[in-house]
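Data first, discussion second: the structure below is written as structure tokens.
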Amino acid sequence: MNLLFENKLNATLAEIFKTLDLDIKFATVKVSDRPDLSDFQCNGALALAKIAHQNPRDIAAKIAGKLAQDEAIETVSVDGPGFINIKLKDEFIAANMDKMAQDKRLGCGEVEDPHQVVLDFGGPNVAKEMHVGHLRSGVIGESIQRIERFVGNNVISDVHLGDWGTPMGMILAEIIKSDGNLDKVTSYDIAQITEFYKQANIRCKEDETARENARKITAALQGGDATYRRAWQHLRSESLKAIKANYEQLDVNFDLWLGESDAHEICREVVKIARDKGISEIDNGAEIIRLEETNKPKPPIIMIKSDGGFGYQLTDIATIKMRVDQFKATEIVYFTDSRQTLHFEQVFEAADKLGIAPNVKLQHIVFGTVNGADGKPFKTRDGGVMNLETLIEMSKDRVRQSLPKADEVAGYGAAEIDKLTQQIAVAAIKFQDLKNTIASGYVFELEDFAKFEGKTGPYIQYAVARINSVLRKAEANGLHEGKVILVAPEERILALKLAQIHNVIMRAHSEKEPSIIADYTYTLAQIFSTFYNACSIMNAENPDLASSRLRLAKLVRDVLILMLNLLGIEAPEVMLKAENIGE
RNA sequence: GCGCUCCUAGCUCAGCAGGAUAGAGCAACAGCCUUCUAAGCUGUGGGUCGGGCGUUCGAAUCGCCCGGAGCGCGCCA
């Protein structure tokens, strides 16, 4: 099923271009920039005229003449230098709404070549508190994961825990320094572990011998030292519990909770492949792979550090091999901030040289850092990072103020209010992040994550709740949805917007860009609000119109819920309000 | 030094495979609750699209130069 107007018009145009012997490359329409003049526009005549050195208006007129015969089209006109403006018939738009209402997927198609995609996002580290920097990776990754599944791809998501680098040696060293040995390690909880890590971090920053010691312990841990392994195992599992709790709060989900350590054995294999292929060499005591230096200097991959430990690039390369061999990945996508661009360039190039991922698409999606008001990566006033739990709690507190207390509303006890609080707070936080294009960073404002007016998640939830309310009333009054008829301009604009859903999702999919969905979802909710304000559903002029509007409203509701779901946001059935809210 | 990214309204951001009057949100101002949830709706003001040159019938969008900011550049991950 394809209910998209653009596709229909593109197909019609392609036929016309063929009969006119024009390059069908230009046979495309887009949503009009001038809604006062048209629904869609085709700028192809301008480009064609340039190539053929002809008058664009003449070419446009020929195309328009044929286009006008199409049964779905109300009017075609040639305006300005040669824009073709197309207006669709109301009945055609209305009929498409009826079809859309009958379709389980609301008119959305799937990809033609479903494949196996591994998504690598999150990347939290053992013993380190999660902070707002982890928010973006998790929230974006979760959304992409849902989008990819929806369009038909088979997705495997992996958190790729940072559990195998020097920080592990640092924290073990710190505990030994404090306790004399590692006997008490298994009694430590996450708070204590985090504290040790902080101390270790401070110490290693200023003390070279401490760093040296940490590296030695890391190498021994990786080498298989049983005592270190046992202690590390505990640190890892305690951290993982805390990390899982954080992600659960945000409804960020992973199929695999693997880490760098899981690729350890494969690291050895990769080293062997490199040696067999003769692409590795020893340099300053480290075993490296040199990379091509085309237009800029590119540092080599350091597989084995001079202290014997595996470098993290080797770990990432081995992980690629694991994902290809064990999970049959044909596409691997990484989500990290822009600081790791060079790293992934190196890793992908090395993977290519090693021949471990033939015909696998390796993609690094870069997102901007979360910045403070100074334009630099965000730090709190005391120089630390904003803890993720603090952020979530702050947002929830703000939401609680706007909700009634438990049992003030029938059917809403403590559990229900808690759930609602969670849903709204998470919507506020996630949407605040996802509305930004991922490539650009954004300035972190704590208050933004607790806003629910304007372009926010709760605004959209509110639109859904209002529709739910109308649908309940209609149900109670025995009113049913029916054939769509377009009378008011607000209805027509709404229907045209609804019809864009397939294109929006496909663009978000191919560009790996959730903000496209966020933007559409907000605009749709906004257009609905205008419609809601201008056109009464329950008190429509006649029963047929009421049925039509009911169908449109229900479609909007279903589309909004689907889109929010693709963003990883839930839509509560109702949005309750505390008495004192709204003055 | 080399490389990458960025500079659009007071603030935060869209728009950028060139196209018709550059858009949102917030903030400001003026209206709208006896009718479907006012977390809403309607309207007003506000921009030399960092600066310059160039390509083009046409540039926020493409190219070059300059200015400003951020990030990265072999044993942290």
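Here is how names work: the chains are called A, B, and so on, in the same order as the sequence lines, proteins then strands, and each is numbered from 1.
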So what does [X] hit on the nucleic acid, given a heavy-atom distance under 4.0 Å: a base, only sugar-phosphate, or nothing?
X: A:N477; value: nothing
X: A:R211; value: nothing
X: A:I304; value: nothing
X: A:V574; value: base
X: A:Y459; value: sugar-phosphate
X: A:D163; value: nothing
X: A:K305; value: base
X: A:L37; value: base
X: A:Y532; value: base
X: A:Q526; value: sugar-phosphate
X: A:L576; value: base
X: A:C42; value: nothing
X: A:L342; value: sugar-phosphate
X: A:S306; value: base

Starting from [atom2] on [N], measure out to [atom1] on [X] and report it in whole angstrom.
X: A:I202; N: B:C76; atom1: CD1; atom2: P; answer: 20 Å
X: A:F310; N: B:C76; atom1: CZ; atom2: C1'; answer: 18 Å
X: A:R339; N: B:C73; atom1: CZ; atom2: P; answer: 10 Å
X: A:Q340; N: B:A77; atom1: CD; atom2: P; answer: 11 Å
X: A:D33; N: B:U61; atom1: CG; atom2: P; answer: 17 Å
X: A:F452; N: B:C26; atom1: CZ; atom2: C1'; answer: 15 Å
X: A:I301; N: B:C73; atom1: CD1; atom2: P; answer: 13 Å
X: A:L46; N: B:U56; atom1: CG; atom2: C1'; answer: 13 Å

If I pick the [atom1] atom on [M] and the same atom on [N], what distance separates them, to the nearest angstrom?
N: B:C62; M: B:G19; atom1: P; result: 10 Å
N: B:G50; M: B:G15; atom1: P; result: 14 Å
N: B:G31; M: B:A38; atom1: C1'; result: 13 Å
N: B:A60; M: B:C13; atom1: C1'; result: 15 Å
N: B:C33; M: B:A24; atom1: C1'; result: 26 Å
N: B:G63; M: B:C73; atom1: C1'; result: 27 Å
N: B:G23; M: B:C16; atom1: P; result: 14 Å
N: B:G10; M: B:G46; atom1: P; result: 11 Å

Tell me whether the count of non-hydrogen atoms from other residues, nucleotides or ligands lying under 6.0 Å of [atom1] in [X] goes above 12.
X: A:K87; atom1: NZ; answer: yes
X: A:R472; atom1: CZ; answer: yes
X: A:K455; atom1: NZ; answer: yes
X: A:E511; atom1: CD; answer: yes

- Return the stacking result for B:A20 and A:F83: yes when the ring centres lie under 5.5 Å apart and the planes under 30°, no otherwise. yes
- Query: Is there ring stacking between A:Y442 and B:C13, where the centres must be under 5.5 angstrom apart and the planes under 30 degrees?
  - Reply: no
Less than 3.5 Å between a donor and an acceptor, one on the side chain of [X] and one on the base of [N], is that the case here?
X: A:T530; N: B:C41; value: no
X: A:K50; N: B:G58; value: yes
X: A:D283; N: B:G74; value: yes
X: A:N533; N: B:A38; value: no

Using both distances under 3.5 Å as the test, list the Watson-Crick or G-U wobble partner of [N], or none.
N: B:C16; value: none
N: B:G40; value: B:C32
N: B:U56; value: none
N: B:C73; value: B:G1
N: B:C26; value: B:G10
N: B:G45; value: none

Under-4.0 Å side-chain N/O to phosphate OP1/OP2 contact, [X] with [N]:
X: A:T166; N: B:A77; value: yes
X: A:R472; N: B:C36; value: no
X: A:T456; N: B:C26; value: no

- Task: Compute whether any side-chain donor of one residue and acceptor of the other, for A:H343 and A:R339, lie under 3.5 angstrom apart.
- Result: no
Spell out, as yes or no, whether a donor-acceptor pair under 3.5 Å connects the side chain of [X] to the backbone of [Y].
X: A:Q461; Y: A:M575; answer: no
X: A:S547; Y: A:H480; answer: yes
X: A:Q363; Y: A:I332; answer: no

Could you check which of [options] has an atom nearest any side-chain atom of [X]?
X: A:M538; options: B:C36, B:C26, B:A14; result: B:C36
X: A:S529; options: B:C76, B:C41, B:G74; result: B:C41
X: A:P81; options: B:C36, B:G19, B:C13; result: B:G19
X: A:S536; options: B:C36, B:G15, B:A24; result: B:C36

- Test applied, side-chain hydrogen bond (donor to acceptor under 3.5 Å, both in side chains); reference residue, A:H364; option that passes from A:D120, A:T341, A:T336: A:T336
- Query: Which class fits the ring pair A:F449 and A:Y442: parallel under 30°, tilted 30 to 60°, perpendicular over 60°?
  - Reply: tilted
- By nearest-nucleotide position on RNA chain B, the 5'-leaning member of A:N436 and A:N539 is A:N436
- Query: Is B:C33 in the syn or the anti form, by the rule that syn lies within 90° of 0?
  - Reply: syn
